[in-house]
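To start, the structure under review is shown below, and the notes come after it.
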There are 2 protein chains.
Amino acid sequence: MAVSLAQIREKSGEVFTEGCPTRVVLDHIMSKWGVLVLLALTDGTHRWGELRREVEGISEKMLASTLRTLEADGLVERTSFPEVPPRVEYSLTDLGRDLMERMLPLVDWVAANAGRVIPVG
Amino acid sequence: MAVSLAQIREKSGEVFTEGCPTRVVLDHIMSKWGVLVLLALTDGTHRWGELRREVEGISEKMLASTLRTLEADGLVERTSFPEVPPRVEYSLTDLGRDLMERMLPLVDWVAANAGRVIPVG
DNA sequence: CAGCATCCGTAAGGATACTG
DNA sequence: CAGTATCCTTACGGATGCTG
């Protein structure tokens with residue numbers, strides 16, 4: 001392992017401290033639905049309804065809440081068009097894309113190794 | 001972005017499907033306490049009491065539960081020594097170290113950018 | 001279509017006390 | 001020291017109905 005915990009601490013300082021920004025953001029992006037929504041947006045812009053269908057199992061409430069959180073975090077951008085019927089599109093911001101560049105290898109690894117970790121029944 | 005969602009789907013196929021192994025493991029390792037415990041173990045072996053103190057805010061119940069889950073996932077190894085008073089040590093398995101190699105860049109990024117994402121109050 | 005408001009059940013998780 | 005057992009509260013999150 002190239003990076004030691006001490007090195008992480010140098011930069012973050014407070015990953016292990018309660019209520020620190022790092023923990024808060026970590027909780028957002030690593031939440032059950034946060035990852036999936038971010039993943040869905042990784043290949044580009046999506047409409048509300050698309051996300052709802054794409055992220056299987058998510059309720060409207062959680063989709064709305066997740067999107068609002070990620071938007072407030074500056075990771076997701078919301079664009080609404082003044083049309084009837086209304087059209088709203090969501091996409092990653094630069095910050096969000098930056099984040100996903102780090103998250104994709106992880107998700108990739110999990111997807112590849114999930115079978116070894118949790119024996120497929 | 002080098003990797004597209006389509007490419008992820010090729011490999012994982014079912015990240016977006018409910019109850020798929022990938023989602024389960026993702027939920028374990030990306031859970032509030034899962035990440036922190038894994039991070040704490042990244043720099044080597046730790047005893048129960050060390051982890052308890054290191055991961056600030058975690059309750060005994062959650063530490064036990066988190067460790068048991070990660071152990072069952074084959075990511076963490078538990079070694080108990082037949083001494084009085086008892087001594088138990090936890091460390092990452094090879095699989096766990098492999099995982100953390102992918103997770104560290106992400107945590108690193110979050111630690112570095114949390115201030116931009118969540119304005120520090 | 002894209003949401004918000006409301007109600008409500010479940011279960012994650014905290015605090016405490018106890019044990020090998 | 002390293003947990004387990006128990007109780008109890010909060011809040012996550014689902015279902016439904018309504019609105020611009």
Side-chain angles (χ1 to χ4, degrees), chain A residues 16-20 23-41 44-73 76-92, chain B residues 16-20 23-38 40-41 44-73 76-91:
Chain A
F16 293 96
T17 311
E18 284 193 82
C20 72
R23 268 209 195 179
V24 176
V25 178
L26 226 41
D27 281 354
H28 291 174
I29 65 169
M30 301 190 109
S31 71
K32 178 182 173 65
W33 300 119
V35 242
L36 295 175
V37 168
L38 286 169
L39 266 179
L41 290 174
T45 298
H46 285 271
R47 299 184 58 172
W48 165 274
E50 290 173 345
L51 290 173
R52 176 121 178 62
R53 264 171 281 116
E54 188 138 32
V55 182
E56 192 175 311
I58 197 170
S59 66
E60 292 186 352
K61 182 181 178 179
M62 288 319 293
L63 180 56
S65 146
T66 302
L67 283 171
R68 267 187 277 112
T69 301
L70 295 177
E71 194 193 352
D73 288 352
V76 165
E77 187 179 19
R78 193 193 110 113
T79 315
S80 92
F81 299 87
E83 308 172 355
V84 178
R87 182 167 115 252
V88 179
E89 292 186 347
Y90 294 89
S91 58
L92 292 182
Chain B
F16 292 96
T17 311
E18 286 192 81
C20 70
R23 268 210 195 179
V24 176
V25 179
L26 226 40
D27 281 353
H28 291 176
I29 66 168
M30 301 190 109
S31 71
K32 178 181 173 64
W33 300 119
V35 242
L36 295 175
V37 168
L38 286 170
L41 290 175
T45 297
H46 285 272
R47 300 182 58 169
W48 164 275
E50 290 173 347
L51 290 173
R52 176 120 178 63
R53 266 172 279 116
E54 188 138 30
V55 182
E56 192 175 311
I58 197 171
S59 65
E60 293 187 351
K61 182 181 179 180
M62 287 318 294
L63 180 55
S65 147
T66 302
L67 282 172
R68 266 187 276 111
T69 301
L70 296 177
E71 194 192 353
D73 288 351
V76 165
E77 187 179 20
R78 193 194 110 113
T79 315
S80 93
F81 300 85
E83 308 171 356
V84 178
R87 182 166 116 252
V88 179
E89 291 187 347
Y90 294 90
S91 58

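It should be emphasised that the depicted structure is a prediction, and the values quoted were computed from it without experimental measurement. Keep in mind that the numbers below use all heavy atoms, side chains included, and drop hydrogens, waters and symmetry copies. Convention: sequence-line order gives letters A, B, ...; per-chain numbering from 1.
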- First locate atom CG of Leu41(B), then atom CD of Glu50(B), and finally report the distance between them rounded to the nearest 0.5 Å.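 Nearest 0.5 Å value for the CG-CD distance: 10.0 Å.
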Next on the checklist: Let me confirm one number: the NZ-CG distance from Lys32(A) to Asp27(B), rounded to the nearest 0.5 Å.
Outcome noted: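 Answer for the NZ-CG pair, Lys32(A) versus Asp27(B), is 5.0 Å.
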Which nucleotide in dG20(D), dG3(D), dG14(D) has an atom nearest any side-chain atom of Trp48(B):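 Looking only at side-chain atoms, Trp48(B) lies closest to dG3(D).
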| said: Using a 4.0 Å heavy-atom cut-off, does Arg52(A) contact any base of the nucleic acid, only the sugar-phosphate backbone, or nothing at all? | reply: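 The answer is nothing, as Arg52(A) stays clear of every strand by at least 4.0 Å.
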- Message: Using a heavy-atom cut-off of 4.0 Å across all strands, would you classify Tyr90(B) as base, sugar-phosphate, or nothing?
- Response: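 Tyr90(B): backbone/sugar contact only, no base atoms under 4.0 Å.
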Output the rounded distance in Å from [atom1] ([X]) to [atom2] ([N]).
{"X": "Lys32(A)", "N": "dG13(D)", "atom1": "NZ", "atom2": "C1'", "value": "10 Å"}
{"X": "Glu60(A)", "N": "dT16(D)", "atom1": "CD", "atom2": "C1'", "value": "10 Å"}
{"X": "Ile58(A)", "N": "dC12(D)", "atom1": "CD1", "atom2": "P", "value": "14 Å"}
{"X": "Leu51(B)", "N": "dC1(D)", "atom1": "CG", "atom2": "P", "value": "14 Å"}
{"X": "Glu50(B)", "N": "dA2(D)", "atom1": "CD", "atom2": "P", "value": "8 Å"}

Would you check if [X] and [Y] make a side-chain contact, meaning some heavy-atom pair closer than 4.5 Å?
{"X": "Val76(A)", "Y": "Leu38(A)", "value": "yes"}
{"X": "Val55(A)", "Y": "Leu39(A)", "value": "no"}
{"X": "Leu36(A)", "Y": "Ile58(A)", "value": "no"}
{"X": "Thr79(B)", "Y": "Thr45(B)", "value": "no"}

Point to revise | Leading and trailing nucleotides of DNA chain C with any atom under 4.0 Å from heavy atoms of chain B | key: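 So the contact region on DNA chain C extends dG13(C) to dG20(C).
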State, to 0.1 Å, how close [X] and [Y] come at their nearest heavy-atom pair, and which atoms those are.
{"X": "Arg23(A)", "Y": "Thr17(A)", "answer": "NE-O, 3.5 Å"}
{"X": "Glu60(A)", "Y": "Trp48(A)", "answer": "O-CH2, 3.7 Å"}
{"X": "Val88(A)", "Y": "Ser80(A)", "answer": "CG2-CB, 3.8 Å"}

| query | On DNA chain D, nearest-nucleotide positions of Pro86(A) versus Ser59(A): which is more 5'? | reply |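 Looking at the nearest nucleotide for each, Ser59(A) comes out on the 5' side.
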5′-ward residue of the pair Lys61(B)/Arg47(B) relative to DNA chain D: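 Nearest-nucleotide comparison on DNA chain D picks Arg47(B).
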Can you check the distance between dT10(C) and dG17(D), where both ends of the measurement are the C1' atom (answer in whole Å)?
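About 22 Å, rounded to a whole number of Å.
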May I ask you to verify if any side-chain N or O of Arg78(B) is less than 4.0 angstrom from the OP1 or OP2 atom of dG3(D)?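 Indeed, a polar side-chain atom of Arg78(B) lies that close.
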For DNA chain D, the expected dot-bracket line (Watson-Crick or G-U under 3.5 Å, [ ] crossing, | inter-strand) is |||||||||||.||||||||
